[in-house]
> 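Supplied in structure tokens, the structure appears directly below.
What you see is a predicted model; the values in this text were computed from it and never measured.
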Amino acid sequence: MQEPILKAVAMPPRVFWAPMVPAIVNIAVQTPIMFMWIAFGNNPIFFIATLLLAHIGIIIYGVREPHLSNMMKASGPVMSPSKNVYPSKGNKLAP
């Protein structure tokens, strides 16, 4: 008798319907640039529009891939190239 395999997947945290890590990165990158823009006497409306457009893009991408935050956190340590002990083609994760 076949039994269905059930997977329990918790939904990751979200900030205004976007995955948390990309949304925080978006705000963390654009906010200092916006304050520097204001320091030169310019209008911050441009950055508010780009912040919203980027957030909408993150929401659209987050709908297709709901675990985008976890994928970004998991790819951090692997992104650096590893050093191979023996000369071979490609990266080996073993020391």
> Can you list the other members of the hydrophobic cluster that holds Leu51, where links are side-chain heavy atoms under 4.5 angstrom apart?
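Members besides Leu51, by chain and number: Ile27.
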
> With rounding to the nearest 0.5 angstrom, report the CG to CE distance, Leu68 to Met20.
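Output value for this atom pair is 13.0 Å.
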
> Under 4.5 Å between any side-chain heavy atoms of Pro19 and His67, yes or no?
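Pro19 vs His67: side chains apart.
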
> Is there a side-chain contact between Ser69 and Pro22, using heavy atoms and a 4.5 Å cut-off?
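Side chain of Ser69 against side chain of Pro22, heavy atoms only: contact under 4.5 Å found.
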
> Just grab all the ring pair (Phe, Tyr, Trp, His ring centres under 6.0 Å) pairs involving residues 22-47, residues at least two apart or on different chains.
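Listed by first then second residue: Trp37-Phe47.
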
> With side chains defined as the heavy atoms from C-beta onward, is the minimum distance between Met71 and Glu65 less than 4.5 Å?
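Met71 reaches Glu65 side chain to side chain.
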
> Tell me which donor-acceptor pairs under 3.5 Å the side chains of residues 54-61 have, and how far apart each pair is, sequence neighbours excluded?
unit_1: His55; atom_1: NE2; unit_2: Val15; atom_2: O; d: 3.4
unit_1: His55; atom_1: NE2; unit_2: Phe16; atom_2: O; d: 3.1

> Let me confirm one number: the CE-CG distance from Met34 to Asn42, rounded to the nearest 0.5 Å.
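Output value for this atom pair is 12.5 Å.
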
> Establish whether Met72 and Ile24 are linked, either directly or via other cluster members, by ILVMFWY side-chain heavy-atom contacts under 4.5 Å.
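No.
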
